[in-house]
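Read through the structure below, which is laid out as structure tokens, and then see the notes.
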Amino acid sequence: MERDVASRVGVETEVASQGKTEADVASRGWTETDIASRVGQLRKEIEHHTYRYFVLDDPAISDAAFDSLMRELRELEAAHPDLVDSSSPTQRVGGWVGDQFAPVAHTRRMYSLDNAMDLGELDAWLNRVKDAFGRMVPVMCELKIDGSSIALNYRDKVLVQAATRGDGTTGEDVTANIRTIKDIPLRLREGAQDELVSVDGAIEVRGEVYMPKKSFDALNVAAENEGRAPFANPRNAAAGSLRQKDSAITATRDLSSFIYAIADESALRVSSQGALLEWLREAGFHVNPDVKRCETSEEIHDFCKQALKKREELPYEIDGVVVKVDSFAEQASMGYTARAPRWAIAYKFPPEEKTTTLLDITVQVGRTGACTPVAELEPVVIAGSTVSRATLHNLDEVQRKDVRIGDRVVVRKAGDVIPEVLAPILNLRPAHAQVWQMPTLCPSCDSPLVREEGEAAFRCISIDCPAQSLERLGHWASRGAQDIEGMGEEIIARLVEAGHLKDVADYYLLDEEVLAALDMGRINTKGEPIRLGTTVAKKLVTALEASKSRGLARVIFGLGIRHVGKTTAEQLAAAYPSAEKLMEASEEDLAGIDGVGVVIAQSIRQFLSTSDNRAVIERLVLYGVGMEEVSVGESLPQTLVGLSFVLTGSLTQSGMTREEAGAHLKARGAKVSGSVSAKTSYVIAGEAAGSKYDKAVALGVTVLNEDDFLRILETGEPPSSRNLSLAITEK
Ligand code: AMP
């Protein structure tokens, strides 16, 4: 994150490296006056957010959105040097010193770190290191903890003062608050003094105070319950908790620390970062175990990639990797710039949020006819992939967020989640920004859209809507349903166009000949139409055959009945293990199944009563699609009925996947869900459990470990205080 605003001068962003900077996207066609006014607007906005962040500990926008504003300002200033002035936020070094706490002058400056925004920039830094020594020197890779920097002073091995980084030269005295943090030793451990040089045992160590993710969630749940404003992220929660006037409040906040540096290397008889970390551990400090001494660029890249993979599962936030020249002598020979050591670099993870321009809002018709507004965006690279479309969920969301066409918007993409527009940046709203209206007609078939009472979605209710039927066909072939490998959107669309596919049963009439001859709507260099060809056709035929035996639950899910997701489909298949029985079931019977309420039962009944749908199911049976459910042990006693479980982390003892573990629980009548709510009976947390664990703790749901889980399977009995080794509440 770039609150330390001078840190990225000259650093090209991912967007910039595509030859398209955010500034030139934004300034396209602008006059000098427009640019000057934009620069003024950006500065005002940045100053406002800097104040909220540092002084109020209450940021109003995400770090990524802030960085994006700063990047745009810097690029505009670089392109128009006449606009630069000394009061611009780009010219400021460091953070902010508040006046609530006594100032502490740092004996040695607390530096910031230079950033590498991608592995290429990391290599550029490594090359500078190599140039300095004429060879590669060993480096230490550490996780970059996303907390609040802290300096701890010890005299005679006793903690005497703790200070925040402040602006790097002067910090704030937060000793009383730091003393409440349990993993910060108030006294150094015996034995640690052997390496201390000074007679009075004076030493200043530095590190990061952070708030674990689960404590952050719990703090915000409590804040919400008490009507207080929640913290924006764990880092702000840590900084805010450290800067409490009343240390009794800090004491109630679950803060932890990782210590990784000393202010003055000459105070200690150790000669490298690696040795320092060992000494810190012996002296009683909490030292992060995830460190590695590396000697090649490949090893360093590998550490960074692993760290990015681990990020989600770690119980605390990290925002990158810090790479440091290991030897103190070599560090000293490289020295410092005005604001950062030359011997270290922070590799920053790709941000999961960025800003871009909302070009248009279109409507996508789903398989059940629901119409979703979709943001068409100026393409932007987020977390390593280009995003040009993002969901806006529904009309209410568009109105609530007040997103208008032409707005600069914050877009988020995390992991496999569908990209989402979070909010517009109101102060950057152009005069021509347009309020969007839901169209009255379906964009695919022109039939009027309807909105049922109490529903967020507008719907196309025409049964002949081509957009819906394409979506339904795609859904049947998708991984969670029949998993027809290779049957992608384009092929499906071509098959529909050629008249080979109208409903899902038609898939099973396709043969190699028809598929191979399919016209893909493009021509080759000789001007002939490109066909699908025999190689792909053969593979598809095999995939179609394999898709016939995925079991009843996936067939039910694949049919795309409104309100019937994967879990409901599994419940239905468990209750009616054959399609015939399911087709006969009455609405009342259906509503009686656990997890199927009246609304879902009505929807299923309606679907099954439609003659077209019944015909499709009958044809599927005729073409050999298996309609029997095969579950793990149908004959097991249903001892877990009424209980709901959520699985998280990996089950290392049994080596079971979460799906397998879930199947065992379901076979005993339990419900297994993907997300934790107050209604969840138990969360089973394996190793490296993630946010579901945190949520369970926040909501007070009992967390079981793998031993408990295995005992449930062994005894077949529901968890009780009698057969649980421990209902753990911490990892
Ligand atoms: P930034 O504030 O983004 O410029 O990043 C620099 C800050 O990263 C330092 O001031 C430290 O507070 C913090 N940091 C977190 N983890 C580490 C680490 N392992 N080594 C050094 N600095 C770290």
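All values below were derived from every heavy atom in this structure, side-chain atoms included, with hydrogens, water molecules and symmetry-related copies excluded. This is a predicted model, so every value here is computed, not measured. Atoms within each ligand, like the ligands themselves, are counted from 1 in listed order.
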Please tabulate, one pair per line, all N/O donor-acceptor pairs under 3.5 Å involving side-chain atoms of residues 129-141, not counting sequence neighbours.
residue : atom : partner : partner atom : Å
Arg135  : NH2  : Glu330  : OE2          : 3.2

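- No heavy atom of Met110 sits closer than 4.0 Å to any atom of ligand 1.
- Which parts of ligand 1 touch Tyr111 is read off a 4.0 Å heavy-atom cut-off, strictly below it: atoms 10 (O).
- Using a 4.0 Å cutoff on heavy atoms, Phe258 does not count as a contact of ligand 1.
- Residue contact annotation: Lys348 has a non-hydrogen atom under 4.0 Å from ligand 1.
- Under a 4.0 Å heavy-atom criterion, Asn115 is not in contact with ligand 1.
- Between the side chains of Glu208 and Tyr260, at least one donor-acceptor pair of N or O atoms lies under 3.5 Å.
- Using a 4.0 angstrom heavy-atom cutoff, Ala346 does not count as in contact with ligand 1.
- Asn236 and Asn233 share a donor-acceptor pair across their side chains, judged by distance under 3.5 Å alone.
- Considering backbone and side-chain N/O of Tyr260, one or more are found under 3.5 Å from N/O of ligand 1.
- Under the 3.5 Å distance criterion, with hydrogens and angles disregarded, no donor-acceptor pair is assigned to the side chains of Gln331 and Glu265.
- The heavy atom nearest to atom 18 (C) of ligand 1, out of those in Ile150, Asp114, Val322, is found in Val322.
- Of all the heavy atoms of Asp146, none lies under 4.0 Å from any atom of ligand 1, so neither backbone nor side chain is involved.
- Remark: the Arg109 side chain and the Thr169 side chain contain no N/O donor-acceptor pair separated by less than 3.5 Å.
- The closest side-chain heavy-atom distance from Glu420 to Val411 is not below 4.5 Å.
- For the pair Arg293 and Glu295, the minimum side-chain heavy-atom distance is below 4.5 Å.
- The aromatic ring centres of Phe231 and Phe216 sit 6.0 Å or more apart.
- An N or O contact shorter than 3.5 Å links Leu143 to ligand 1 by distance.
- For ligand 1 and Lys324, the ligand atoms under 4.0 Å from any heavy atom of the residue are 18 (C), 20 (N), 21 (C).
- The heavy atom nearest to atom 6 (C) of ligand 1, considering only Ile259, Leu113, Asp290, Leu277, is found in Leu113.
- Taking any N or O of Gly207, backbone or side chain, none lies under 3.5 Å from an N or O belonging to ligand 1.
- The list of ring pair (Phe, Tyr, Trp, His ring centres under 6.0 Å) pairs with a residue in residues 312-334, not counting sequence neighbours, reads Tyr210-Tyr316, Phe258-Tyr316.
- Heavy atoms of Glu208 found under 4.0 angstrom from ligand 1 belong exclusively to the side chain.
- In summary, the atoms of ligand 1 found under 4.0 Å from a heavy atom of Ser112, numbered by their order in the structure, are 4 (O).
- Side-chain polar atoms of Glu204 and Asn153 form a donor-acceptor pair below 3.5 angstrom.
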